[in-house]
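Comments concern the structure below.
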Amino acid sequence: PPGTTYNISTSNKIADRYSFLLLHNKRKPAPSAQRSIAMVPRLILLPLLLPSLLVNSFLLQTYPTAAKTAKKWHHSQTSSLHATAAGANAAAQPSVTSTNNKLQDSYDVLIVGSGIGGLSAAALLSHYGYSVAVLESHYAPGGAAHGYSVYNKDVNNGEGGTFTFDTGPSFFSGLNSDYPAKASNPLRTILDIIGESVECKPYTTFGLKFPEGDFVHSPKFGSPQGVIDQVSGNSGVIQWQELMKSMVPLAKAVDAMPTAALRVDAGVALTAGMFLPNFAGLNPLENLKLTKPFSKIIDGAGVKDTFIKNWLDVLCFCLSGVPSEGTITAEMAMMMGEFYDEDAIMDCPVGGAQSIVDALVRGIEKNGGQVIVKSHVDEICIEDGIAVGVRLKKSTDQRIIRAKKGVISNLSVWDLMNSGIVDTEQFPESFVKKGKETPTCPSFMHIHVGFKMSKEELSKLQAHYMYMDEWERSVTEEENCALISIPSVHDETLAPKDHAVLHIYTPATERYERWENVKRNTPEYNQLKEERSAFLWRVLEKVIPDIRQRSVHYQVGTPLTHKRFLNRHRGTYGPAIYAGEASFPFPNTPIKNLLVCGDSCFPGIGVPAVSGSGMIAANSVSLDSIGRQLDMLQKLKAQ
């Protein structure tokens with residue numbers, strides 16, 4: 001029923017505006033405070049371009065009043081705060097339980113949607129001492145990261161057993177609390193802040209099935225005798241090493257400004273300012289490259305080798321939904337280290353991605369917040385240009401649940417603008433038009449399989465495989481690339497004894513157009529599912545030849561599954577925003593007290609990115625959070 005509480009036991013155009021700001025650094029403050037604060041996001045990454053002294057001077061020249069006011073807020077308010085869907089169906093059950101809990105009449109902050117972005121925002125806000133409620137229309141929190149379980153009565157000699165599946169993300173790194181945290185990983189930062197951890201099994205390899213042959217990927221990918229050496233020889237190794245050298249200063253620039261320091265109001269002068277000295281030894285001209293397409297870094301490093309370029313296109317596409325020519329360099333500057341540092345490891349969360357969701361929910365609830373599922377928000381209420389609360393779909397009295405500080409939407413930009421959840425007449429026409437016209441990545445085909453396999457057999461497999469059919473076709477084309485995740489290789493808790501689970505999917509290449517006029521649960525739909533999943537079965541058989549005979553349970557997910565269970569516009573993976581042409585907007589909107597988070601805003605697509613967006617939105621809800629944010633940043637610096 002509505003009001004169910006989930007309870008567990010266990011960029012504005014960033015790059016292309018930098019030059020404008022530099023040329024107009026004597027610009028007078030905007031005539032209104034609202035406009036002045038709205039422009040602050042464009043300053044957030046300025047330290048990447050200028051030595052710290054110049055940036056600090058620029059901030060104070062452009063926003064002298066705001067900076068002084070923010071400093072006063074810090075001193076006066078510090079003590080005022082108290083401490084995929086792809087496989088789910090009617091037969092599937094959430095991985096954890098839920099209990100009833102009554103909604104209050106008001107909260108400091110309401111968050112619509114419980115994806116990783118929304119949960120990250122709620123976890124940080126509740127840590128800051130705000131009263132928070134996360135409202136989720138699905139039966140379980142987590143968005144694309146939620147897990148689901150299926151009971152099969154026939155396994156274990158008729159005693160039955162449960163298979164637990166990830167619906168979406170399966171590649172993780174930087175989460176393992178047994179290893180030092182990196183400031184560039186917002187999700188790990190939030191988990192550390194709220195005092196929660198995710199048990200992870202570390203591993204260093206995964207499989208590659210490419211036209212050139214079968215390989216095992218490791219941090220030594222570009223070293224002598226590594227994969228590049230096997231395919232391209234010494235020339236390829238030299239080119240790879242040159243590329244990695246060019247990434248070193250870029251990675252330092254990314255690490256210099258943690259996402260935790262960012263906010264979209266005048267308080268950024270204080271919170272980001274404390275990290276400006278980190279840029280003193282960095283080259284501003286090198287830092288400019290962070291906003292460029294990664295393909296320019298590849299070309300600038302002199303990489304000519306076709307195999308290396310093909311591989312980097314696949315890697316970029318899997319991380320951001322677009323190839324290297326569209327992936328922003330900043331993202332790759334962070335991720336290349338996660339893959340290729342000498343001590344690089346990947347993380348397999350015990351219990352699947354759901355364990356990450358559970359950790360965030362624990363952090364929210366232990367600080368007094370609520371995560372309430374089966375509570376579909378019908379309207380984000382706006383009065384006199386201010387977001388004041390929400391109205392639930394099944395509310396009998398049509399009451400407004402009030403938000404004293406703000407509302408954060410974890411919806412995609414298309415679902416926010418097209419679903420009727422907000423009155424778009426309240427927004428500037430240009431803002432609505434831009435949101436609705438944001439280009440979309442395609443959707444997915446998925447198969448989730450529970451199958452028979454002994455522990456000894458699993459030990460001979462990799463936990464992940466990347467498959468490419470032909471390099472002559474782009475990684476963006478249909479039925480050319482597939483990703484396989486077999487978490488049971490490292491995590492035996494996901495399936496009954498002598499069984500395992502896997503998830504194979506096309507990485508955002510399935511076009512929605514062929515599905516949009518097909519009705520679910522019809523002969524036409526079932527036939528199309530069979531046709532469009534055939535490619536995935538063929539790929540799967542290259543890893544486990546007799547997978548169909550071993551299977552005891554499988555489910556096929558389509559773009560319509562994505563749309564249905566995630567309330568996702570056209571089942572899309574996310575915005576197809578190409579670096580150099582456009583950039584992800586920041587979380588603020590033209591409506592006062594309405595912010596957004598998720599993959600439709602800065603930093604972009606992917607689990608670390610959406611967690612970062614939730615962190616920025618949480619920091620930006622109210623200026624009276626500055627004191628708590630600064631305290632948090634001091635602790636991070638001391639680590």
Side-chain angles (χ1 to χ4, degrees), residues 86 170-171 205-218 221-222 226-233 235-237 239-240 243 293-295 298-299 303-327 332 339 440-447 461-462 464-486 502-515 528-545 547-548 556-559 572-573 576 578:
S170 54
F171 263 112
T205 63
F206 57 88
L208 302 176
K209 287 190 169 292
F210 287 165
E212 294 85 353
D214 293 352
F215 306 97
V216 175
H217 182 283
S218 76
F221 181 80
V227 175
I228 291 177
D229 195 11
Q230 296 174 51
V231 176
S232 303
S235 173
V237 172
Q239 292 178 51
W240 180 264
L243 174 63
F294 186 53
S295 59
I298 298 171
D299 294 339
V303 176
K304 306 289 185 184
D305 185 82
T306 302
F307 176 74
I308 295 176
K309 286 193 167 188
N310 285 336
W311 163 242
L312 291 172
D313 267 342
V314 171
L315 188 58
C316 286
F317 189 69
C318 292
L319 292 172
S320 68
V322 292
S324 62
E325 65 182 7
T327 300
M332 297 307 294
F339 277 85
T440 59
C441 290
S443 189
F444 302 82
M445 288 296 301
H446 298 257
I447 306 177
L461 295 176
Q462 296 290 328
H464 297 280
Y465 292 88
M466 290 187 179
Y467 173 85
M468 273 297 297
D469 200 38
E470 301 175 8
W471 291 126
E472 288 74 19
R473 292 191 293 145
S474 169
V475 67
T476 64
E477 293 189 31
E478 292 185 314
E479 297 189 340
N480 194 31
C481 181
L483 304 180
I484 305 172
S485 174
I486 315 176
L502 66 80
H503 173 206
I504 180 171
Y505 56 100
T506 55
T509 56
E510 183 70 11
R511 273 51 179 177
Y512 183 78
E513 288 75 12
R514 70 165 49 88
W515 297 89
L528 189 57
K529 284 173 67 176
E530 185 173 351
E531 292 173 358
R532 298 304 298 165
S533 62
F535 167 72
L536 293 178
W537 283 113
R538 289 198 301 272
V539 173
L540 201 47
E541 287 166 349
K542 295 179 184 295
V543 178
I544 308 174
I547 184 61
R548 290 178 186 264
V556 176
T558 73
T572 182
Y573 177 44
Y578 273 63

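Heavy atoms only, all atoms of each residue included: Phe294 and Cys316 are closest at CD2-SG, 3.7 Å. The shortest heavy-atom contact between Tyr573 and Cys318 is OH-O, 3.7 Å. Of all non-hydrogen atoms in Ser218 and Thr205, the two that sit nearest each other are CB-CG2, 4.1 Å. When every heavy atom of Ile298 is checked against every heavy atom of Leu243, the shortest pair comes out as CA-CD1, 4.1 Å. Heavy atoms only, all atoms of each residue included: Ala482 and Phe535 are closest at CB-CE2, 4.1 Å. Between Met332 and Leu319 the shortest heavy-atom distance is SD-CD1, 3.8 Å.
Asn480 places a side-chain N or O within 3.5 Å of a backbone atom of Glu470 that can act as its donor or acceptor partner. Listed for the Gln239 side chain is a donor-acceptor partner under 3.5 Å among the backbone atoms of Lys304. With hydrogens and angles ignored, the 3.5 Å screen pairs no side-chain donor or acceptor of Arg548 with any backbone N or O of Trp537. Listed for the Thr572 side chain is a donor-acceptor partner under 3.5 Å among the backbone atoms of Cys441. Between the side chain of Asp214 and the backbone N or O of Lys209 there is no donor-acceptor pair closer than 3.5 Å.
For Tyr512, there are no ring pair (Phe, Tyr, Trp, His ring centres under 6.0 Å) partners two or more places apart in sequence or in a different chain. Among residues two or more places apart in sequence or in another chain, the side chain to side chain donor-acceptor pair (under 3.5 Å) test is passed with Ser533 by none.
Within the 4.5 Å cutoff, the side chain of Trp240 has heavy atoms near those of the Leu312 side chain. Residues Tyr465 and Lys542 are not in side-chain contact: their nearest non-hydrogen atoms beyond the backbone lie 4.5 Å or more apart. For the pair Met466/Trp311, a side-chain contact is recorded, criterion being any heavy-atom separation below 4.5 Å from C-beta on. Side-chain contact between Ile547 and Leu502 is present, with at least one heavy-atom pair separated by less than 4.5 Å. In this structure, the side chains of Met445 and Pro559 come closer than 4.5 Å at one or more pairs of heavy atoms. Taking 4.5 Å as the limit, some side-chain heavy atom of Tyr578 sits within range of a side-chain heavy atom of Pro323. Within the 4.5 Å cutoff, the side chain of Val475 has heavy atoms near those of the Met468 side chain. At least one side-chain heavy atom of Phe215 sits less than 4.5 Å from a side-chain heavy atom of Val231.
With ring centers used as reference points, Phe221 lies 6.0 Å or more from Phe339.
Rounded to the nearest 0.5 Å, atoms CH2 (Trp471) and CZ (Phe210) are 4.5 Å apart. A distance of 5.5 Å separates CD1 of Ile544 from CG of Leu461, quoted to the nearest 0.5 Å. Here OG1 of Thr509 is found 8.5 Å from CZ of Phe444. Values are rounded to the nearest 0.5 Å. From Glu510, atom CD reaches atom NE2 of His446 across 10.0 Å, with rounding to the nearest 0.5 Å. Distance OG/Ser170 to OH/Tyr505: 3.5 Å, rounded to 0.5 Å. Rounded to the nearest 0.5 Å, atoms OH (Tyr467) and CD1 (Ile504) are 9.5 Å apart.
By the 6.0 Å contact criterion, CD on Glu530 is open, its count of non-hydrogen atoms from other residues, nucleotides or ligands being 12 or less.
Remark: Glu478 engages Arg514 in a salt bridge, criterion side-chain N to carboxylate O under 4.0 Å.
Shown are Ile447, Ile484, Thr506; of these, the side-chain contact (heavy atoms from CB on, under 4.5 Å) with Val539 is made only by Ile484.
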Check the pair Val216, Gln462 against side chain to side chain contact (heavy atoms under 4.5 Å, CB included), reporting the backbone distance first and the verdict last. CA-CA 8 Å; Val216 175; Gln462 296 290 328; 4.0 Å; yes

Start with the C-alpha distance between Gln230 and Phe307, add both sets of side-chain angles, then the distance that settles side chain to side chain contact (heavy atoms under 4.5 Å, CB included), and finish with yes or no. CA-CA 11 Å; Gln230 296 174 51; Phe307 176 74; over 6 Å; no

